[in-house]
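My questions all concern the structure below.
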Protein chains: 2
Amino acid sequence: MAEAGIRPKHEELLAAAVRLFRQKGYHDTSMQDLAEAVGIQRGSLYHYIEAKEDLLWDIMDRAMRRLLDAVEPVAASSAPASEKLRRAVQAHLAVAAEHRDELVVLHVELKSLSARRRERMLALRDRYEGLFRGMVEEGVRTGEFRAADPKTVGLAILGACNWFTTWFRPEGPLSAADFARAFADLFLEGLVRSPQRQGG
Amino acid sequence: MAEAGIRPKHEELLAAAVRLFRQKGYHDTSMQDLAEAVGIQRGSLYHYIEAKEDLLWDIMDRAMRRLLDAVEPVAASSAPASEKLRRAVQAHLAVAAEHRDELVVLHVELKSLSARRRERMLALRDRYEGLFRGMVEEGVRTGEFRAADPKTVGLAILGACNWFTTWFRPEGPLSAADFARAFADLFLEGLVRSPQRQGG
DNA sequence: TAGAAACTACCAAACGTTTGGTAGGCCACA
DNA sequence: TGTGGCCTACCAAACGTTTGGTAGTTTCTA
């Protein structure tokens, strides 16, 4: 919660927690696992944190803010809706590619947070979903997009983007930017060929 | 694994496990929790199962087969690719709406399976992903769809469909069929308005 | 009267967390 | 230039509880 400068061992611990929580899940990762990962004794972890759940919160909070920081400027810009949406997808996938494990933990371990913290996190998530819904809304309002339910469409797009973290492999032939282009084309132009546009 | 007719209490146990595993996660659900949910003592659970993991496997296996049984006939039919894709999305969302908890467990708890069982499940998942990729491939091949990478598009569509389980609420104003229509419109026609088709 | 269904009692291990303590570095003060 | 006080970093051991699972026995029911 309180910023405390850079504490190397604490960062190392967080990094180990991200990896283990993604691999085994929060509840199946023991303090023993975490201690071994950073090379200290189980009890010594409490020199750095007050409780196991603090690690989970820090990871999820950080991940959520990465997404908000990446997409909020895009949503606030003055480009056409289609261009905003394209850039938002690109921004999301870029974060997702660089911080895959964090984002998987964010999505999967919401249920492992305490009620208070879960509510705070859900509020941030709602804000994030609102960005995508808002861009679709804007496109529909200005007539750039066809009539569509912005909430449903926003969730569909965000779903595809969120799922990306579960299958993307950086060692594959396509980059996150490649996938972002393919995604945006799909959402904006659709699959069905139309001779009047994009000519082939 | 071996089919054994209908065993009411065993079904009750499975149903309780689905609910608890979705709510709290597999590792945070104890045998005590399960026993209380079906009104027997902890040790008595082992009259119905050999190990806790059997419950997880049965749930995931059942969920995966529901999806395959729903979509495989669609993919094997002789309709145009766009129509197949529309029906596949409809079929997936129908299963997802009726068996939400099962599908969430299927997606979230893969990591909690033993290595052997996880591999078997991944094989089934690959088969399922192949159905969607195949439909896109077909559309591109026949020229019904524009040029696109079938694997990427298949995963994007499936991602949106899989994410559906995390936010769909049956008590909401829109049915799974409504969402399926909106999803299919998005994937097939895209968002950007085109005067030459669907005229408005 | 056999088998299914459930009980009680128990196990060894693991859990997250707390405790009391130590080693070494830094800094003010005499 | 020592030295006492405080800090960070960590250890080893123990805390009480819970874990998944087993064994042997009793109760219900067809």
Original post:
To the nearest angstrom, how far is A/Glu12 atom CD from D/dA9 atom P?
Top reply: 12 Å
Original post:
If only atom types and distance count, is the side chain of B/Lys84 paired as donor or acceptor with the main-chain N or O of B/Val74 below 3.5 Å?
Top reply: no
**OP:** Output yes when A/Arg66 and A/Asp69 qualify as a salt bridge under the 4.0 Å nitrogen-oxygen rule, no when they do not.
**Re:**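 Between A/Asp69 and A/Arg66 there is no salt bridge, as every charged N stays at least 4.0 Å from the carboxylate O atoms.
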Original post:
Can you give one letter per nucleotide of nucleotides 7-18 of chain C, going 5' to 3': B for a protein heavy atom under 4.0 Å from the base, S for sugar-phosphate only, - for none?
Top reply: BB-B----SBBB
Original post:
According to the interplanar angle, ranging from 0 to 90°, do the rings of B/Trp167 and B/Phe183 count as parallel (below 30°), tilted (30 to 60°) or perpendicular (above 60°)?
Top reply: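 Geometry flag for B/Phe183 against B/Trp167: tilted rings.
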**OP:** Report yes or no: is the cationic atom of A/Lys111 (NZ for Lys, CZ for Arg) closer than 6.0 Å to the six-membered ring centre of A/Tyr26, at no more than 45° off its axis?
**Re:** no
Subject >> Separation between CG of B/Leu124 and CZ of B/Arg120, rounded to the nearest 0.5 Å >> reply: 8.0 Å
Between the protein and nucleotides 25-30 of chain D, which nitrogen or oxygen pairs are less than 3.5 angstrom apart?
none

Original post:
What is the distance from CG of B/Leu56 to P of D/dG20, rounded to the nearest Å?
Top reply: 13 Å
Original post:
Does a side-chain N-to-carboxylate-O contact under 4.0 Å join A/Asp61 and A/Arg65?
Top reply: yes
Original post:
Is a salt bridge present between B/Glu11 and B/Arg62, judged by a nitrogen-to-oxygen distance below 4.0 Å?
Top reply: yes
**OP:** State plainly whether the residues A/Asp126 and A/Arg133 are in salt-bridge range, i.e. N to O under 4.0 Å.
**Re:**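 The answer is no: the pair does not qualify as a salt bridge.
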